[in-house]
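Encoded as structure tokens, the structure appears first; notes follow it.
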Amino acid sequence: MKDWLQSIGSRMRIWMQGRYGMDELSRAVLWVAVALMLLTALTKYSIFNTVALLLMLWSIFRSYSKNIYKRREEREKYMGAIGSVKSWLSLQKRRWRDRKYYKYFRCKQCKAVMRVPKGKGVVRISCRRCHAEMTRKT
């Protein structure tokens with residue numbers, strides 16, 4: 001039995017050579033499809049099931065595609081979009097965690113976020129990125 005499973009695994013590896021495989025975008029699309037299938041079970045609208053099926057087919061197509069350049073471009077666009085959301089969520093989490101001891105300000109010129117200790121009164125803040133100065137109350 002173990003030899004049979006190993007032979008299937010080796011055949012699968014050989015078959016997948018030169019194909020793109022699963023990446024973050026494919027996994028995200030599959031999770032959205034699963035969520036839509038659950039929504040279909042709750043609401044009884046078949047349109048969600050149809051969309052979920054199409055998303056699953058697209059994810060499988062991406063995984064088995066041999067056009068690696070095109071799949072990599074799609075992934076880069078996805079990672080750029082999701083990266084900005086992740087960084088914003090990370091900043092909000094940091095702001096909440098540090099709310100007792102620090103105050104956050106955004107530079108007017110370059111939009112960089114700066115962290116200043118609370119309770120220091122009126123301070124002059126210098127941006128590390130563009131060296132703009134501003135006066136703020138902490």
Side-chain angles (χ1 to χ4, degrees):
M1 181 73 170
K2 187 177 178 182
D3 294 332
W4 181 73
L5 288 175
Q6 286 177 344
S7 70
I8 289 177
S10 66
R11 286 184 195 152
M12 190 67 169
R13 277 190 295 278
I14 291 169
W15 185 69
M16 284 299 288
Q17 284 180 350
R19 297 182 191 277
Y20 190 68
M22 290 290 282
D23 63 354
E24 296 90 351
L25 177 57
S26 295
R27 285 186 197 95
V29 168
L30 278 177
W31 279 111
V32 169
V34 168
L36 285 174
M37 286 183 153
L38 291 174
L39 192 62
T40 301
L42 295 174
T43 61
K44 307 290 187 210
Y45 290 121
S46 63
I47 188 72
F48 294 132
N49 206 13
T50 306
V51 173
L53 180 65
L54 290 174
L55 288 175
M56 283 185 173
L57 288 174
W58 184 50
S59 178
I60 291 169
F61 166 76
R62 289 190 82 256
S63 298
Y64 294 136
S65 174
K66 288 190 172 185
N67 190 352
I68 293 173
Y69 178 74
K70 191 73 170 171
R71 304 295 82 82
R72 194 172 291 150
E73 279 183 349
E74 292 169 353
R75 179 189 174 272
E76 288 302 317
K77 286 180 185 175
Y78 168 74
M79 293 304 283
I82 203 72
S84 61
V85 172
K86 280 184 176 181
S87 66
W88 182 82
L89 286 173
S90 174
L91 175 63
Q92 298 310 314
K93 182 180 175 182
R94 224 175 324 134
R95 278 183 153 176
W96 181 255
R97 185 188 64 214
D98 297 342
R99 70 188 181 280
K100 288 183 181 178
Y101 305 108
Y102 295 99
K103 199 161 186 180
Y104 285 81
F105 297 104
R106 188 171 294 276
C107 178
K108 300 272 187 199
Q109 291 180 0
C110 68
K111 308 297 184 209
V113 177
M114 298 170 282
R115 184 177 78 165
V116 180
K118 272 189 171 181
K120 300 292 181 184
V122 177
V123 294
R124 176 172 243 141
I125 306 167
S126 178
C127 179
R128 289 184 180 185
R129 227 190 260 171
C130 68
H131 305 291
E133 289 192 6
M134 62 186 103
T135 305
R136 295 281 192 256
K137 181 181 182 232
T138 63

Indicate, with yes or no, if [Y] and [X] share a hydrophobic cluster defined by side-chain heavy-atom contacts under 4.5 Å among Ile, Leu, Val, Met, Phe, Trp and Tyr.
{"X": "Leu38", "Y": "Leu36", "result": "no"}
{"X": "Val51", "Y": "Leu53", "result": "no"}
{"X": "Phe61", "Y": "Val32", "result": "yes"}
{"X": "Tyr45", "Y": "Leu39", "result": "yes"}
{"X": "Ile47", "Y": "Val29", "result": "yes"}

When you look at NZ of Lys70, are more than 12 heavy atoms from neighbouring residues, nucleotides or ligands closer to it than 6.0 Å?
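Not more than 12 within 6.0 Å, no.
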Does atom CZ of Arg95 have more than 12 heavy-atom neighbours, drawn from other residues, nucleotides or ligands, at distances under 6.0 Å?
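More than 12 within 6.0 Å, yes.
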Specify the closest pair of heavy atoms between [X] and [Y], including all atoms of both residues, with the distance to one decimal.
{"X": "Asn49", "Y": "Thr40", "result": "N-OG1, 3.1 Å"}
{"X": "Ala81", "Y": "Ser84", "result": "O-OG, 2.9 Å"}
{"X": "Thr138", "Y": "Pro117", "result": "CB-O, 3.4 Å"}

Just how far is it from atom [atom1] of [X] to atom [atom2] of [Y], taken to the nearest 0.5 Å?
{"X": "His131", "Y": "Gln109", "atom1": "NE2", "atom2": "CD", "answer": "11.0 Å"}
{"X": "Ile60", "Y": "Ser65", "atom1": "CD1", "atom2": "OG", "answer": "13.5 Å"}
{"X": "Lys108", "Y": "Met134", "atom1": "NZ", "atom2": "CE", "answer": "8.0 Å"}
{"X": "Leu25", "Y": "Trp58", "atom1": "CG", "atom2": "CH2", "answer": "4.5 Å"}
{"X": "Arg94", "Y": "Ser87", "atom1": "CZ", "atom2": "OG", "answer": "9.0 Å"}

Would you say [X] and [Y] make side-chain contact, with heavy atoms under 4.5 Å?
{"X": "Met22", "Y": "Arg27", "value": "yes"}
{"X": "Leu89", "Y": "Lys86", "value": "no"}
{"X": "Ile125", "Y": "Glu133", "value": "no"}
{"X": "Glu73", "Y": "Glu76", "value": "no"}
{"X": "Lys103", "Y": "Arg136", "value": "no"}
{"X": "Glu24", "Y": "Arg75", "value": "yes"}

Assess, by modelled atom type and distance only, whether the side chains of Ser26 and Asp23 contain a donor and an acceptor separated by less than 3.5 Å.
yes
Distance-only polar pair, side chains of Glu74 and Tyr78, donor-acceptor under 3.5 Å
no
Answer yes or no for Arg115 and Tyr102: cation-pi contact, defined as NZ/CZ to six-membered ring centre under 6.0 Å and angle to ring axis within 45°.
yes
Under 3.5 Å, is there a donor-acceptor pair between the side chain of Arg99 and the main chain of Trp96?
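Yes; judged by distance alone, with no hydrogens or angles, the pair exists.
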